[in-house]
Amino acid sequence: MADVPVNFFHRQSHMTDETISTERSRRGFFAGASAQIGLFAIVALLWVIFSTLAPGFTSPINLFGIGRSLAVDIVIGFSQMVVLATGGMNLAVGSIGVCAVMLTGFLLQDAGMPIPVALAGGLLLGGALGWLNGFAIVKTGVNAFIITLASASLFLGAMLILSKAVPYNTLPPEVGQFGRMRIWGYVSPLLFIAIAIGAALYVLYRHTLLGRQILAAGANPRAAEMSGVPVGRVIIISHTLSGLLAATAGIMLVARLGAAMPSVGGEDWLLPSFLGPVLGGTLLAGGSVAVIGTMIGAALVTTIRSGLLVLQVGNFWLQLFLGLILLAAVMADRYRGVFLERRSLGRK
Amino acid sequence: MVLAREEFMKLLCDAIRGLAASSILAGLATFGVVGLAQASDNKIALIPGGPHPYFAPWEQAAADAKKDFGIAAVDFKVPQEWKLNLQTELVESLAAQGYTAFGIFPGDAVGINSTMTELKDSSIPSAALAGCAQDPTDAAFCLGTDVYNSAYLGTKELIKAMGGKGAIVHLAGLLVDPNTTLRVKAVETAVGETNGEVTLLQTVADTDAQEAADQKINALLAAQKDEIGGMIATGYIPSVVASKSLRTLGDKRIKFIGIDDDPIVLEAIKDGFVAGTMAQNPYGQGYIGAYVLDLLAGGGCTIKEDATWIETPQTKRFIDSGTLVINADNLTTYKDDLKKVTTDIQSSFKDKYLTCK
Amino acid sequence: MNSLLRRFLMVEWSGILAAIILGSALLAWLSPAFLTEFNIYVMLRSFCVALLVGFAQMVTLAVGQMNISVGALGGLVAVLAGGMMEKLGVPMILAIPAAIAIGALCGLLNGVLTERTGINGFIITLATASAFTGINLGITQSIPFYNMPPGLVAFGSDRFFAFPYLMIAPIIATILLGLFLSRTVPGRHLLAVGGNPHAAELSGISRGRITILAHTLSGTLAACAAILAVAQLGSAQPTIGSDWLLLSFAAPIIGGAALTGGHVSVLGTTLAVILIALIENGMVLAKVDPYWVQFVLGALILAAVWLNRWRAVKTGTD
């Protein structure tokens with residue numbers, strides 16, 4: 001760990017645009033809140049543009065679809081965010097997710113368990129696998145990237161060996177019905193679950209000792225250790241939480257698809273899991289989280305994608321426009337920030 | 001080395017000419033059998049699992065179906081990537097925009113079902129094209145290739161080419177795809193029927209990406225090219241890569257049966273490096289699919305429950321869109337054979353499988 | 001003797017090397033096919049593209065950046081090269097340098113955008129990745145360019161005994177990159193900026209210019225990897241690069257690079273790529289049941305990393 005002092009400087013240099021952090025928490029909070037307002041404004045602007053250009057964008061069926069995809073993306077983002085907070089990462093989110101999916105499917109279909117028991121089983125497995133990651137990282141001292149890269153393969157492999165990749169597609173009908181359920185005609189209950197999780201995480205990081213300890217350990221492990229934070233334990237807890245959240249996202253997908261299948265999760269979750277948190281202002285270097293930012297970040301991407309689909313922008317070229325609009329959005333947000341900073345400096 | 005230029009052009013011209021002929025034929029057949037098609041105001045979307053060369057003929061099929069059957073719109077819409085959630089989002093979005101019927105290649109045979117159920121709840125008919133959705137499903141029917149049967153017939157063909165004995169290798173696709181499991185079973189069954197004359201040396205899976213496939217197949221050949229008597233590929237990518245690898249190796253002793261008609265595979269058949277390939281009928285799937293969906297979406301017709309459906313391990317309502325073996329003998333004519341199959345299925349579809357007012 | 005061994009163990013990549021030797025011995029014993037000329041050729045050939053992909057990420061990691069667009073950029077370069085040669089009839093001699101130059105330009109774009117906007121490179125390259133893939137699919141509509149010049153295809157498959165000609169490119173790249181990072185001023189600046197951006201800036205190094213340089217280099221290397229992939233596959237497939245991302249990080253990081261920047265190892269990355277190629281080759285050779293492949297892959301990576309970790313703890317180079 002000879003490079004700790006170096007990292008320390010590195011992190012200090014990024015301290016301005018974060019939401020919740022231990023050091024300078026008040027200023028950080030306000031700076032972060034304003035960054036989120038900016039991102040939120042851009043998402044809102046895109047909504048206005050898309051619904052003006054394409055009336056289908058705000059039709060109940062489309063709103064329902066957006067909300068449901070968004071809900072899963074947000075929870076996947078959270079599962080990465082909680083380890084980013086400690087300065088680590090979890091490449092196994094998708095693998096943990098699919099393990100939880102298959103166990104839930106097995107418990108429901110083959111073992112005939114009642115739904116709450118099966119859900120608890122899936123969540124428990126997710127937490128346990130996350131704990132395993134955390135434990136291995138702390139005990140071996142090997143960096144989280146490599147441990148979770150290997151465990152992603154191990155977990156996925158174990159799932160394949162045990163399930164032989166056979167999907168569970170005759171689950172109790174209530175599961176699929178929940179995924180198709182519409183509240184007020186256009187909101188998916190999954191979205192409420194995602195928001196509730198967000199609220200819980202917000203409280204955790206803002207108002208609890210554990211939350212502050214996690215952020216302190218992420219910002220500067222050595223300093224945190226010296227001031228009495230049990231860094232190892234905090235890292236293990238964060239990974240357990242990450243596993244739990246990945247399992248939650250997986251189980252939300254079971255409801256959404258009405259089936260438990262081995263092809264969900266895996267590597268497909270990797271980029272979306274980083275995208276929401278990083279767009280929202282979570283630092284890859286650790287020590288900060290942006291709970292609301294993660295939700296808005298995920299909403300930005302879902303909005304652009306859905307808007308382009310509704311506008312029927314050229315089939316094969318769609319990805320190009322997706323990239324360009326995303327780029328324009330983050331740049332607009334950035335320059336808005338710079339502009340505000342200059343203006344406030346001018347006033348002084 | 002891979003394709004001499006003029007040969008490639010010739011192939012291309014053949015393909016274009018074939019397509020043109022087919023659409024004229026199909027067009028005539030339509031007018032003959034159905035009578036003057038009523039212009040309908042349905043909007044039909046044909047949606048593959050993701051960007052993939054197999055589905056390229058669907059674009060032409062969509063345009064032809066629109067013209068021949070007087071449908072307001074038949075559009076070929078491609079998900080950005082080969083991911084189930086992107087496919088379902090595309091379907092949802094198009095449904096929101098007022099599309100009235102969907103022909104879908106299931107990005108996942110199980111995972112697509114909840115979307116199809118939702119479409120049905122909104123009275124929008126959908127059909128599984130090219131590959132099936134796993135029962136229980138709300139897809140109106142499946143028009144495509146029976147993956148189990150195609151793999152089974154392919155293995156039979158391979159065993160025939162090997163003279164009834166030897167050791168074979170199975171190059172399979174994505175392990176988490178339910179279709180792969182069926183194909184693995186089919187190959188094992190066909191091998192089992194030889195009473196030990198043919199053995200299954202190894203199954204190599206997850207060969208659905210070009211580079212991974214190149215590495216695995218070459219490693220396989222390096223390890224046991226002397227023991228291998230034959231290979232069967234049940235995925236598009238491994239059959240392209242294996243065709244290329246066998247050509248590089250210059251070994252005509254190893255018999256190989258691929259799937260689909262990628263130019264690299266066809267060229268290898270022509271030069272004798274590949275014994276044959278299991279052709280599917282993408283154009284027909286798209287063309288007939290659009291035709292039937294148009295009839296269903298108008299509400300004029302419903303699916304006849306007691307029709308003579310084929311039952312496959314995946315679904316009870318299956319229609320074979322035509323599976324045939326392409327080998328050196330029918331390399332230039334197989335497109336006409338598929339065309340004929342397309343015309344036959346399309347012209348008799350209404351009587352056989354639908355109840356119309 | 002003992003001190004020699006100890007000194008060897010002090011080198012950070014010695015654990016990986018030991019894992020490679022151990023693995024090779026095991027495979028040679030398990031499968032007689034392992035040491036055949038053809039298998040060595042197959043392994044060396046599969047190592048070529050992967051190494052350049054690893055390097056493409058390594059140079060951005062050196063400055064504490066990431067390039068999420070390596071694969072997308074590679075795919076775009078591959079189809080542009082293929083398209084130029086097949087559709088426009090541009091001779092290979094011009095098309096390949098032009099395609100690599102486009103790759104470098106795409107990298108430059110990544111660098112300039114990251115530097116000028118001050119936005120996290122992760123987000124910038126993620127967005128450009130989407131844009132590059134969009135152009136790739138828009139041009140090809142997912143249909144490959146099949147008609148590559150025979151010379152290029154031969155370069156991708158011909159060999160001198162067990163030595164694939166394809167490997168000439170990565171060997172040159174390894175040497176140049178090694179010299180660049182250790183012997184040249186910009187190379188050393190690259191690591192200085194990654195290690196401690198503030199100190200580097202205080203000593204007069206332009207952090208912005210170095211970041212742009214790293215991204216440009218990354219684009220160039222990814223473009224070279226793409227050209228090799230075209231040669232190897234014999235056709236310009238639009239899917240080239242689609243599974244590079246994880247590999248591109250895994251190789252340098254298993255090879256000892258720090259995700260936070262400032263520390264990379266050309267030799268370590270090379271050995272990590274060899275290790276990965278060995279594991280993948282070994283799995284086919286040892287006829288591992290397909291359902292077990294993922295599990296064994298994970299276990300082997302863990303074992304190799306653990307071996308290296310054990311070495312580090314023992315020798316106190318932790």
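Keep in mind that this is a model prediction, so the values were computed, not measured. First the proteins, then the strands, lettered A, B, ... as listed; each starts at 1.
- Using a 4.5 Å cut-off between heavy atoms, B:L220 touches chain C through backbone and side chain atoms alike.
- Listed for the B:Q202 side chain is no donor-acceptor partner under 3.5 Å among the backbone atoms of C:D289.
- In this structure, OH in C:Y291 is found 4.5 Å from OG1 in B:T181, a value given to the nearest 0.5 Å.
- Considering only heavy atoms from C-beta on, B:D214 comes within 4.5 Å of C:R45 through its side chain.
- Contact annotation for B:T248: only side-chain heavy atoms (C-beta onward) come within less than 4.5 Å of a heavy atom of chain C.
- Taking OG from C:S130 and CD from B:Q80, the interatomic distance works out to 7.0 Å, rounded to the nearest 0.5 Å.
- Taking all atoms of both residues into account, the shortest heavy-atom contact from B:E211 to C:L233 is CG-CD1, 4.3 Å.
- With a 4.5 Å cut-off on non-hydrogen atoms, C:V284 touches chain B through its backbone and its side chain both.
- Within the 4.5 angstrom heavy-atom criterion, only side-chain atoms of C:S235, from C-beta onward, approach chain B.
- We find the OH-OG distance between B:Y54 and C:S142 to be 13.5 Å, quoted to the nearest 0.5 Å.
- No side-chain N or O of C:Y41 forms a donor-acceptor pair with one of B:N218 less than 3.5 Å apart.
- Enclosure of atom NZ in B:K185 is not indicated, since only 12 or fewer non-hydrogen atoms of other residues, nucleotides or ligands lie within 6.0 angstrom.
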Stepwise side chain to side chain contact (heavy atoms under 4.5 Å, CB included) check, B:V176 with C:Q294: CA-CA 12 Å; B:V176 292; C:Q294 278 288 339; over 6 Å; no
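- Remark: C:L88 CG is packed, more than 12 non-hydrogen atoms of other residues, nucleotides or ligands lying under 6.0 Å away.
- Heavy-atom pairs under 4.5 Å with chain C were tallied for B:L201, B:D226, B:D262, B:V184; the largest tally goes to B:D262.
- Taking CZ of C:F38 as the start and CG of B:L221 as the end, the distance is 6.0 Å to the nearest 0.5 Å.
- For B:A222 against C:N39, the heavy-atom pair with the smallest separation is CB-OD1, 3.3 Å.
- Of the candidates C:T239, C:D243, C:I240, B:Q210 forms a side-chain contact (heavy atoms from CB on, under 4.5 Å) with just one, namely C:T239.
- With a threshold of 4.5 angstrom between heavy atoms, C:P32 does not approach chain B through any atom at all.
- Contact of C:V49 with chain B is made through the side chain alone, with heavy-atom distances under 4.5 Å.
- Note that CD of B:Q224 is 7.5 Å distant from CG of C:L285, once rounded to the nearest 0.5 Å.
- With rounding to the nearest 0.5 angstrom, the CD atom of C:Q141 is 15.0 Å from the NE2 atom of B:H52.
- No side-chain heavy atom of C:E280 sits less than 4.5 Å from a side-chain heavy atom of B:K216.
- The candidate with the highest count of non-hydrogen atom pairs below 4.5 Å against chain B, out of C:A229, C:S31, C:S46, C:A277, is C:S46.
- In this structure, chain B has no heavy atom under 4.5 Å from any part of C:E37.
- Side chains of B:V204 and C:P290 form no contact here, defined as non-hydrogen atoms less than 4.5 Å apart.
- Only the side chain of B:E59 comes within less than 4.5 Å of a heavy atom of chain C; its backbone N, CA, C and O stay farther away.
- Counting only heavy atoms from C-beta outward, the side chains of B:P51 and C:P238 never approach each other to under 4.5 Å.
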